[in-house]
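Just so it is clear: chains get the letters A, B, ... in the order the sequence lines come, proteins before strands, and each one is counted from 1. Just so it is clear, the structure is predicted and the values come from calculations on it, not from any experiment. Atoms considered below: every heavy atom in the structure, side chains included; atoms not considered: hydrogens, waters and symmetry mates.
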Amino acid sequence: MNTDLHPAVMGWYATHARDLPWRSPDASAWSVLVSEIMLQQTPVVRVEPAWRAWLQRWPTPADLAAATPAQVLRAWDRLGYPRRALRLREAAIAITERHGGQVPSDEEDLLALPGIGSYTAAAVAAFAFRRRSVVLDTNVRRVLGRLVHGTALPPPSPRRAETATALDLLPADPETSARWNVAVMELGALVCTARAPRCADCPVAAQCRWRAAGYPPDEHAARRRTQAWHGTDRQARGRVLAALRTEDELRPDQVRDLWPDGDQLARVLTGLLTDQLLTAVRDLDGVVTGYRLPDS
DNA sequence: AAGACGGGGCT
DNA sequence: AGCCCAGTCTT
């Protein structure tokens with residue numbers, strides 16, 4: 001195992017770590033799981049208040065398992081990717097039914113839950129249960145990519161070599177490894193940032209291969225395409241859901257007024273129905289008379 | 001391997 | 001107008 005980087009990174013984390021509530025020793029495994037789902041593609045500053053409100057309302061998996069999709073979608077508010085809210089509810093149901101209401105500690109069991117992929121399974125195992133696991137999020141990938149491989153940014157999709165590198169650096173002791181994982185993530189979030197890294201504040205700048213190589217540019221820049229927003233299906237979906245968070249039911253004509261392109265709106269509504277983010281209300285003849293958030 | 005999937009804040 | 005954010009799931 002390579003241990004050269006450990007003292008500097010661990011020492012830096014000891015003095016610079018943010019005081020985030022899900023890092024408290026008192027945080028339940030469930031609260032850690034909720035934080036990890038919310039943090040999938042949503043920044044910390046926006047997650048923190050939502051996380052507090054969510055845990056106050058649904059302190060245990062069994063509490064959330066009893067909620068309706070409409071309730072969780074409204075509570076999710078504008079965190080983005082609302083399918084995460086539905087999957088979190090489904091995960092709560094699975095935990096209640098299959099695991100006696102206790103969040104499982106094995107990565108394999110976590111991975112089997114809805115909405116939990118390789119990152120989140122490893123993160124919950126490490127941060128909630130202090131297990132030794134390879135936590136590979138966007139921060140860790142970027143930090144290790146720069147330090148070890150000398151690249152500006154990691155490839156669009158994770159490579160096996162990245163896991164091998166992370167495993168090679170992972171401390172053998174479980175508790176130490178859990179702290180190492182969060183320390184590297186924190187370094188990526190606060191110092192080794194994607195856009196304008198603060199190398200002057202970096203505890204391992206002297207050991208950074210990217211820095212030593214003179215900061216070569218991102219090799220994969222051409223392959224990263226920025227996602228459009230205005231006029232997209234995603235924006236239309238968001239507009240429909242935003243309206244339904246404040247109204248119990250919308251008539252078809254009210255929904256049509258939400259978006260100028262009727263064909264696109266029809267496609268978007270179909271997608272929302274497929275994703276179970278939306279329910280159509282029909283009269284006795286099967287004619288759609290309205291749309292609602294799913295009650296069950 | 002590539003595409004879909006939110007929304008906000010910063011440069 | 002881009003770019004980025006503690007990713008996951010489907011095709």
Rounded off to whole Å, could you give me the CD-to-C1' distance for the A:E48 and C:dA6 pair?
-> 14 Å
C1'-based separation of C:dA6 from B:dG3 [nearest Å] = 22 Å
For A:G80, answer base if it contacts any base atom (sugar-phosphate contacts may also be present), sugar-phosphate if it contacts only those atoms, and nothing otherwise; contact means non-hydrogen atoms under 4.0 Å.
-> base
Considering only atom P, compute the distance from C:dT10 to B:dG6 and round it to an integer number of Å.
-> 14 Å
Residue of the set A:L33, A:L55, A:V44 for which side-chain contact (heavy atoms from CB on, under 4.5 Å) holds with A:W22 | A:V44
Would you mind classifying the nucleic acid contact of A:T120 as base, sugar-phosphate or nothing, using non-hydrogen atoms under 4.0 angstrom?
-> sugar-phosphate
Integer-rounded Å distance: B:dG6 C1' and A:H230 NE2 = 13 Å
Nearest-nucleotide pick for A:R84, side chain only, options being C:dG7, B:dG6, B:dG8 | B:dG6
Nearest whole angstrom, please: distance from the C1' of B:dA2 to the CD of A:Q227.
-> 13 Å
For A:A123, report the nucleic acid contact type (base, sugar-phosphate, nothing); a contact means any heavy atom under 4.0 Å.
-> nothing
Of all the nucleotides listed (C:dC4, B:dG8, B:dC5), which has the minimum atom distance to the side chain of A:R234?
-> B:dC5
Sugar-phosphate, base or nothing in reach of A:P156, heavy atoms under 4.0 Å | nothing
Without hydrogens or angle criteria, can the side chains of A:T60 and A:D63 be said to hold a donor-acceptor pair below 3.5 Å?
-> yes
Can you tell which of B:dG6, C:dC5, B:dC5 lies closest to the side chain of A:R142?
-> C:dC5
OP1, OP2 of B:dG6 versus side-chain N and O of A:R237: anything below 4.0 Å?
-> yes
Between A:Q41 and A:P158, whichever has its closest DNA chain B nucleotide further toward 5' is A:P158
Whole angstrom value for the distance that separates C1' of B:dA4 from CD of A:Q235 = 16 Å
A:V44 has a side chain; which of B:dG6, C:dA6, C:dC4 sits nearest to it?
-> C:dA6
Quick check: are there more than 12 heavy atoms from other residues, nucleotides or ligands sitting under 6.0 Å from CD of A:E249?
-> yes
Once you round it to whole Å, what is the distance between P of C:dG7 and CG of A:L79?
-> 14 Å
A:R87 CZ to C:dG7 P, in whole Å, measures 15 Å
Result for 5'-nearest mapping on DNA chain C, choosing between A:T42 and A:G115, is A:T42
Kindly point out which of B:dG6, C:dC5, B:dT11 is positioned nearest to the side chain of A:R195?
-> B:dT11
Closest to side chain of A:W229, choosing from C:dG7, B:dG7, C:dA6 = B:dG7
Whole-Å gap separating P (C:dC5) and CG (A:L190) = 13 Å
Considering just the side-chain nitrogens and oxygens of A:T193, establish if one lies under 4.0 Å of OP1 or OP2 belonging to C:dC4.
-> no
Base, sugar-phosphate alone, or nothing: which one does A:W22 contact when heavy atoms must sit under 4.0 Å apart?
-> base
Can A:T120 and A:Q40 be said to form a side chain to side chain donor-acceptor pair (under 3.5 Å), step by step?
-> CA-CA 9 Å; A:T120 305; A:Q40 292 168 0; 2.8 Å; yes
Check whether any side-chain N or O of A:Q40 sits under 4.0 Å from OP1 or OP2 of C:dA6, and answer yes or no.
-> no
Report yes if the distance between the aromatic ring centroids of A:W76 and A:W54 is under 6.0 Å, otherwise no.
-> yes
Expressed in angstrom and rounded to an integer, what is the separation of A:M38 atom CE from C:dT8 atom P?
-> 16 Å
Quick check: does any side chain N or O of A:W210 sit under 3.5 Å from a backbone N or O of A:P216, one acting as donor and the other as acceptor?
-> yes
Report, as yes or no, whether the 6.0 Å neighbourhood of atom CD on A:Q276 holds more than 12 heavy atoms from other residues, nucleotides or ligands.
-> no
Assign each of A:L111 and A:G188 the nucleotide of DNA chain C bearing its closest heavy atom; nearer the 5' end lies the nucleotide of A:G188
Within less than 4.0 Å of OP1 or OP2 of B:dG8, is there a side-chain N or O belonging to A:R78?
-> yes
